[in-house]
Asks: 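Below: one structure in structure tokens.
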Amino acid sequence: MGALEDRTRFEPSEVEPRILRRWIDSGLVHPKPTGTAAENFSIAVPPPNVTGALHMGHALNGSIQDVLSRSNRMRGRNTKWILGTDHAGIATQRQVEKQLERRGTSREAIGREAFVEQVWEWRDLYGGTIIDQFKRLGATLDYDDERFTMDERYAEAVLKVFVELYEQGHIYRDNYLVNWDPGLRSAISDLEVEEHEGVVDTLYSIAYPLASGDGEVVIATVRPETLLADTAVAVHPADDRYHALVGEELILPLVGRRLTIIADDYVKTDFGTGALKITPGHDPNDFEIGNRHALERISVIGEDGLMTAQAGERYAGLTVMAARERVVADLEAQGLIRAREEYVHTVPYSQRSGERIEPLISLQWFMRMDELAGPAIDVVRDGRVRIHPPSQSKRYVDWLSEIRPWCVSRQLWWGHQIPVWYRGSETYCGLTAPDGDGWTQDPDVLDTWFSSALWPFATLGWPEKTPELQAFYPTDVLSTARDILFLWVARMVMMGLRFAGDVPFSDVYVHSIIQAPDGRRMSKSLGTGIDPLDLIDGGPRPPVYSKASHPAGDFPAYGSDAVRFGLLAMSSTQDVRFSEEKIAQGQALANKLYNATRFVALRVGVGVGVGVGAGAGAPNGGVPRGARHAAPPQPRTVEDRWILSRLQAIEAETRARIDGFDFAKAALGLYDFVYGELCDWYLELVKPRLSEDADPDDRAALGATLLHVLRETIATAHPIIPFVTEELWDLLGYTPAEGLLAAGRLPEPDEALRDPAAEEAMSHAIEAIKALRTWRDSVHVKAGAVVPGVLRADGYDETAARIAGLARLEFVAEEAATEPVATIAIPGGAVDVLASDAVDLGAASERLAKARETLEREIARAQAKLANERFVAKAPADVVDGERAKLERLRAELAALEDPAGDG
RNA sequence: GCGCGCGUAGCUCAGCGGCUAGAGCAUCGCCCUUACAAGGCGAGGGUCGCCGGUUCGAAUCCGGCCGCGCGCACCA
């Protein structure tokens, strides 16, 4: 116990590594695959990219999932938090490409096979970083069972799903207009495209002469270079200006191709000239119009982002921008540019490479989603999958209701290569290459999200009917940020229903995105990002994070508990700004608990109240699993009954808040209990009972109660702040041999210990003490001075002595009282303060006048309200009665002030 | 453009028809050194985004506006 005496602060850096080791070595993170998924608890972690480093999102989501895992584990459920990483096709390929560039070589130079080998090497070297970082958070992921989306077994599951979907006709190959990412040189899906608003371009008006030679039609475009691929000009069928021209032909400038003027409802008559050039090869809308009118598709922009041979000799090989300039110049030379104006519009960019999307026609693999979407909508509508907050369900359902085919092929090398082989006109889809010579496999790989969609069941060994699958599928909760609700969550539901025969999880929790303090997103390039590890260990605090209370310089080493607490406390169902104060609050809580434990350990001794075999009677169904059990609490006084009652409340509330995904309330509620009830009041109240000359029987009983309350508080807080609580568990008398708190049981609230009478008595006593302290302060009574007084109020039989102690009063019998110098209203009556040297009479009378003024104002207010006939007539009776009672109370308080010696 | 959410004390938020609009943190003052100066006590600080309406009564409900965020969207 020596360390306890000397050390007044909780030191996370000393404690955390030691505790972490014990958790992992204990095997508690690695459950046996026994029992059923209904009895067990499981969460599949959103697999971080192998290229990733822990960021704030991981830290928050890790904290959330760990709270859920620990809480359920401590309720005796066999708990598995499924761990693994995602191969992250694009991100990882780019990392390795960069590495190759630094070595002066390239992916193309070394070839596909060598490149993939390089990626595996890279993964072996760096892929574990983020997992180690999760450990630092105290995350009880199953580290003994780590998966990777490119593992052999996982890959087999991916291919099996592909082959089945192909055989069932959901997957097909087609030439279609796709979102082409010229930076990546790959198609990407609609979800990987982001619209950038406010892009400034030039809108050109260009004249297309009529083939008849009799006039022209002027069209408007921001992309003159695509003119080379035009195959029609469209007008609205009801547009009188062009009605007569429908069916006529135009000569496409620079190219000379004849274009028919077609009529289509899509065209807006009030935009531009009302005539629209149609380029099915390079515009999504034109592509649709082209389909409706069976127009030819011409591609003048290639996958390399350069103009193709089809663009004509003069333009082939130019970049898009160069081609645009040349086309405009050429049109200008022919006098066909009719106008140019600045034009601000929305332009699609690739989320992946940041480059402007080039829509073009390409041969890709697609997955038809409509049939899979129906059941995925149903399970949310009928509550088999609950999305929290509910507003997110609407987004989910809306998106699935209008789902479009998913482009699943990517022109990358790192990923699951599409299991399709070609030989001449033959196509074969299967798990392995077909027999015979001359087959070549499709070079493309699958979208990474295709494999992620199988995560909850492929990690458990699907398609084998493994014991793991039996025990842990469906999982219970999926926790994620809203940005991948469609990209990932919806697809998991569809795939889970289709292939694993059940929903992948019953609850989806959509958590906050944490922004920088100035409201911008956290990002390295903006300088607004911070590394969670810098908060844990102490590291650089970027300028935007500095303020008066947290000046520039490094973060203090807050420790994991503080970071977890802080992130949970700031979380909500919508985006939040990072608040270092919340982290500091977590640190304060850890320290407070540590010092409360010191107090109890040093004053009571941890041996007190620990007896053999007493556990059966403990309200908590067995906190430790070891041989020793906590003695049951032995309440002797009203404050004992009060704190036990409040303890039951915080236990129940914390459970309910965790189950209801209200992590901020769970965390802050614990803080409030520990500070506002346990430490500020209970520990202060019982101090006199621990003194040398106190009754030894009471002292022993109090010791048992104190230990009990502290232990249950610590156990209740454990899922949120696991390190400090595990450490304190030890300090309170449980050695490692007796079991980890993390493997112990969450206290269960005992209704029998609820005591409303004690709660009322104590809340009155606390109010009284506060009122008396406020008064003392206002009349400048010295802190230590004991002031004589008379307690004239009901309901304080049990608390009077405690009030006297904490408010430094000496209550005398009413008969012995001298003339009072002040009267302080307290619930149910008042306290008369008698004359003494300690009281500044001038200040007391000032104070009295002020109190009277306040009361009079409130009385007037209440009277006015009750004088209002309409209020009395129309407001509900209980509201009116409440107002009358309040008035009466205020009048009584005023009367007591006016007539301190009187009896009423 | 359509849809969703948000705007309450310096900060983060609670309250979502009725007590003098609250809490934590921060600030300021006083105090203690007796588990914890990461302690105790207290104080200051708010036209509850703006305008209208409903109601005996609105931060709370309704409508409109303004601002911020997000999602969806095919206007060349």
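As the structure is a prediction and not an experimental result, all values here were calculated from the model. Just so we're on the same page: letters track the sequence lines, and every chain starts at 1.
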Asks: What nucleotide, of B:C56, B:C75, B:U20, holds the atom closest to the side chain of A:Y266?
Replies: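 For the A:Y266 side chain, the nearest candidate turns out to be B:C75.
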
Asks: To the side chain of A:R577, which of B:A35, B:G15, B:U12 is closest?
Replies: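 Looking only at side-chain atoms, A:R577 lies closest to B:U12.
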
Asks: Using a heavy-atom cut-off of under 4.0 Å over every strand shown, decide if A:E869 touches base, sugar-phosphate, or nothing.
Replies: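 Nothing: the residue A:E869, judged by heavy atoms under 4.0 Å, touches no strand.
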
Asks: Quantified in whole Å, what is the C1' atom distance between nucleotide B:C48 and nucleotide B:C4?
Replies: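 To the nearest whole Å, 23 Å.
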
Asks: How far does the P atom of B:U47 sit from the matching atom of B:C11, given to the nearest Å?
Replies: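 So the two P atoms sit 13 Å from each other.
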
Asks: Roughly how many Å apart are B:C30 and B:C66, using the P atom of each and rounding to a whole number?
Replies: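 Those two atoms are separated by 50 Å.
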
Asks: For A:D398, which contact category applies under a 4.0 Å heavy-atom criterion: base, sugar-phosphate, or nothing?
Replies: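 Since no nucleic acid heavy atom lies under 4.0 Å of A:D398, the category is nothing.
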
Asks: As a test of reading the structure: which of B:A35, B:G40, B:U20 is closest to the side chain of A:R889, going by heavy atoms?
Replies: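 Comparing B:A35, B:G40, B:U20 against the side chain of A:R889, the answer is B:U20.
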
Asks: Provide the distance between the two C1' atoms, one in B:G24 and one in B:C62, to the nearest whole Å.
Replies: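 To the nearest whole Å, 34 Å.
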
Asks: Considering only atom P, compute the distance from B:G57 to B:G46 and round it to an integer number of Å.
Replies: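 Here B:G57 and B:G46 have their P atoms 27 Å from each other.
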
Asks: At 4.0 Å (heavy atoms only), tell me whether A:R857 reaches a base, stays on the sugar-phosphate, or touches nothing.
Replies: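 Answer is nothing: A:R857 stays at 4.0 Å or more from every strand.
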
Asks: Can you name the closest pair of heavy atoms from A:D230 and A:L259 and give their distance?
Replies: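 Minimum heavy-atom separation between A:D230 and A:L259: O-CD2, 3.5 Å.
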
Asks: So which nucleotide from B:G18, B:G24, B:G40 ends up closest to the side chain of A:Y671?
Replies: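 The answer is B:G24, which lies nearest to the side chain.
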
Asks: Counting distance alone, no hydrogens or angles: does the base of B:A26 have a donor or acceptor under 3.5 Å from a partner atom on the side chain of A:Q585?
Replies: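 Side chain to base: no pair below 3.5 Å.
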
Asks: Can you tell me which stems RNA chain B forms when a stem means 3 or more consecutive Watson-Crick or G-U pairs under 3.5 Å?
Replies: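 Runs of three or more consecutive pairs: B:1-7 with B:66-72, B:10-13 with B:22-25, B:27-31 with B:39-43, B:49-53 with B:61-65.
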
Asks: What's the shortest heavy-atom distance between A:A232 and A:L295, and which atoms?
Replies: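 Minimum heavy-atom contact is CB-CD1, 3.6 Å.
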
Asks: Between A:A275 and A:E858, which residue's closest nucleotide on RNA chain B lies nearer the 5′ terminus?
Replies: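 The residue closer to the strand's 5' end, by nearest nucleotide, is A:E858.
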
Asks: Distance between the P atoms of B:G64 and B:G69, in whole angstroms?
Replies: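 It works out to 22 Å between them.
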
Asks: Categorize A:R223 for me: base, sugar-phosphate, or nothing, with a 4.0 angstrom heavy-atom threshold over every strand shown.
Replies: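 Counting heavy atoms under 4.0 Å across all strands, no contact is made by A:R223.
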
Asks: Please report the closest heavy-atom contact between A:G281 and A:L177, naming both atoms and the distance.
Replies: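 Closest pair (atom of A:G281, atom of A:L177, distance): O-CD1, 3.2 Å.
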
Asks: Apply ring-ring contact (aromatic ring centres under 6.0 Å, His included) to the pair A:Y509 and A:H388, showing each step before the final yes or no.
Replies: CA-CA 5 Å; A:Y509 176 65; A:H388 315 267; 7.2 Å; no

Asks: Among the nucleotides B:G69, B:C74, B:A76, which one has an atom lying closest to any side-chain atom of A:N285?
Replies: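 Nucleotide nearest to A:N285's side chain: B:C74.
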
Asks: Among B:G40, B:G24, B:C4, which nucleotide has an atom closest to any side-chain atom of A:K592?
Replies: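 Among B:G40, B:G24, B:C4, the one nearest the side chain of A:K592 is B:G40.
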
Asks: What is the nucleic acid contact for A:R482, judged by heavy atoms within less than 4.0 Å: base, sugar-phosphate only, or nothing?
Replies: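 Sugar-phosphate: the residue A:R482, judged by heavy atoms under 4.0 Å, touches backbone atoms but no base.
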
Asks: If each of A:F578 and A:T854 is mapped to the nucleotide of RNA chain B with the nearest heavy atom, which maps nearer the 5' terminus, i.e. the 5' end?
Replies: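 Looking at RNA chain B, the more 5' nearest nucleotide goes with A:F578.
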
Asks: Which of the following nucleotides, B:G71, B:A14, B:U12, is nearest to the side chain of A:K582?
Replies: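 Output: B:U12.
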
Asks: Quick one: A:K770 NZ to B:A43 P, roughly how many Å, whole number?
Replies: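 So the NZ-P distance, A:K770 to B:A43, works out to 10 Å.
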
Asks: Using the P atom as the point on both nucleotides, what is the distance between B:U60 and B:C16, in whole Å?
Replies: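 B:C16 and B:U60 have their P atoms separated by 13 Å.
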
Asks: Should the pair A:Y545 and A:F555 be assigned to parallel (<30°), tilted (30 to 60°) or perpendicular (>60°) ring geometry?
Replies: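 If you compare the ring of A:Y545 with that of A:F555, the planes turn out perpendicular.
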
Asks: What's the closest nucleotide to the side chain of A:K394 if the choices are B:C41, B:G3, B:U20?
Replies: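 It is B:G3.
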
Asks: At 4.0 Å (heavy atoms only), tell me whether A:P389 reaches a base, stays on the sugar-phosphate, or touches nothing.
Replies: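 Result for A:P389 = nothing.
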
Asks: Could you tell me how the ring of A:Y671 sits relative to the ring of A:F565: parallel (under 30°), tilted (30 to 60°) or perpendicular (over 60°)?
Replies: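 Rings of A:Y671 and A:F565: tilted, as their planes differ by 30° to 60°.
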
Asks: At under 4.0 Å, does any side-chain N or O of A:K874 touch on OP1 or OP2 of B:C56?
Replies: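 Yes, such a contact exists.
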
Asks: Does the side chain of A:D264 come under 3.5 Å of the side chain of A:H236 through a donor N or O and an acceptor N or O?
Replies: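 Judged by distance alone, the side chains do not pair up.
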
Asks: What nucleic acid atoms does A:K687 come within less than 4.0 Å of, heavy atoms only: base, sugar-phosphate, or nothing?
Replies: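 Base contact.
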
Asks: Is the phosphate of B:A35 approached by A:R603 (side-chain N or O, under 4.0 Å from OP1 or OP2)?
Replies: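 Answer is yes, contact under 4.0 Å.
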
Asks: Base, sugar-phosphate alone, or nothing: which one does A:R292 contact when heavy atoms must sit under 4.0 Å apart?
Replies: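 Counting heavy atoms under 4.0 Å across all strands, no contact is made by A:R292.
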
Asks: Would you indicate what A:V872 reaches in the nucleic acid, counting non-hydrogen atoms under 4.0 angstrom: base, sugar-phosphate, or nothing?
Replies: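 Nothing: the residue A:V872, judged by heavy atoms under 4.0 Å, touches no strand.
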
Asks: Whole-Å distance between B:A26 P and A:I583 CD1?
Replies: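 So the CD1-P distance, A:I583 to B:A26, works out to 14 Å.
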
Asks: Rounding to an integer number of angstrom, what distance separates B:C51 and B:A58 when you compare their C1' atoms?
Replies: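 Per the computed distance, 15 Å lies between those C1' atoms.
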
